[in-house]
Amino acid sequence: MMGVFIASDHAGVGAKKILLQHLQKWGHKPIDLGPGTEERIDYPLKAQELISQMTVDPNCCGILICGTGIGMSMAANRYRGIRAALCTTAEQAKMAKGHNDSNVLCLGARVTSEEEIVEIVKAWIETPFEGGRHTHRLSLFTNLGSEP
Ligand code: RB5
């Protein structure tokens with residue numbers, strides 16, 4: 001079972017709590033990086049904390065939750081080797097893993113219902129990367145950088 005790190009800003013605390021229960025129920029051992037309260041916390045700091053934990057285990061994955069999921073995905077994708085996908089449906093989550101081998105899932109607790117969030121995470125966790133032609137496409141990421 002791969003390690004699952006999970007973190008949020010203040011907007012995602014409630015959704016994170018529910019996801020922790022589901023992840024445990026599904027047999028995972030999620031590592032909660034907080035926060036534990038709804039006191040304001042800036043999402044780039046939590047994204048940074050989660051990515052730094054992820055570098056310890058190359059086979060782990062991460063879940064980041066903020067109000068829209070947009071800020072978290074922008075922040076997470078600044079890091080080399082991180083393929084963060086903001087998903088609003090279970091179908092997107094399947095593709096984000098199957099085709100894009102995303103290692104971070106970003107969710108918007110203010111724009112996606114709790115039921116949908118649970119479905120999205122289930123689909124993402126259960127879907128394997130398809131490999132094949134997608135491996136080559138992902139390898140092209142290596143050459144993408146500061147110049148066009
Ligand atoms: C916090 O108010 C909100 O800006 C944040 O949760 C997130 O939606 C940013 O993308």
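Order of appearance sets the numbers: ligands from 1, and atoms from 1 within every ligand. It should be emphasised that the depicted structure is a prediction, and the values quoted were computed from it without experimental measurement.
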Could you pull out every N or O of ligand 1 that sits under 3.5 Å from a protein N or O, with the distance for each pair?
| from | atom 1 | to | atom 2 | distance (Å) |
| --- | --- | --- | --- | --- |
| ligand 1 | 2 (O) | R110 | NH1 | 3.2 |
| ligand 1 | 6 (O) | D9 | OD2 | 2.6 |
| ligand 1 | 6 (O) | G67 | N | 2.7 |
| ligand 1 | 8 (O) | G67 | N | 3.2 |
| ligand 1 | 8 (O) | T68 | N | 3.0 |
| ligand 1 | 8 (O) | T68 | OG1 | 3.3 |
| ligand 1 | 10 (O) | T68 | OG1 | 3.3 |
| ligand 1 | 10 (O) | G71 | N | 2.9 |

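Judged by distance alone, the side chain of D42 and the main-chain N or O of P44 form no donor-acceptor pair under 3.5 Å.
With L19 as reference, I6 is the one residue of I6, V4, I120 to meet the side chain to side chain contact (heavy atoms under 4.5 Å, CB included) rule.
By the side chain to side chain donor-acceptor pair (under 3.5 Å) test, E116 is found to be paired with S113, residues two or more places apart in sequence or in another chain being considered.
Annotation: side chain to side chain donor-acceptor pair (under 3.5 Å) contacts involving residues 81-92, sequence neighbours excluded, comprise R83-D101, T88-Q92.
Side-chain contact between V104 and Y79 is absent, with no heavy atoms from C-beta onward closer than 4.5 Å.
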Would you mind writing out the side-chain donor-acceptor pairs for residues 68-75 within the sub-3.5 Å range, not counting sequence neighbours?
| from | atom 1 | to | atom 2 | distance (Å) |
| --- | --- | --- | --- | --- |
| T68 | OG1 | I70 | N | 3.0 |
| S73 | OG | G69 | O | 3.1 |
| S73 | OG | I70 | O | 2.9 |

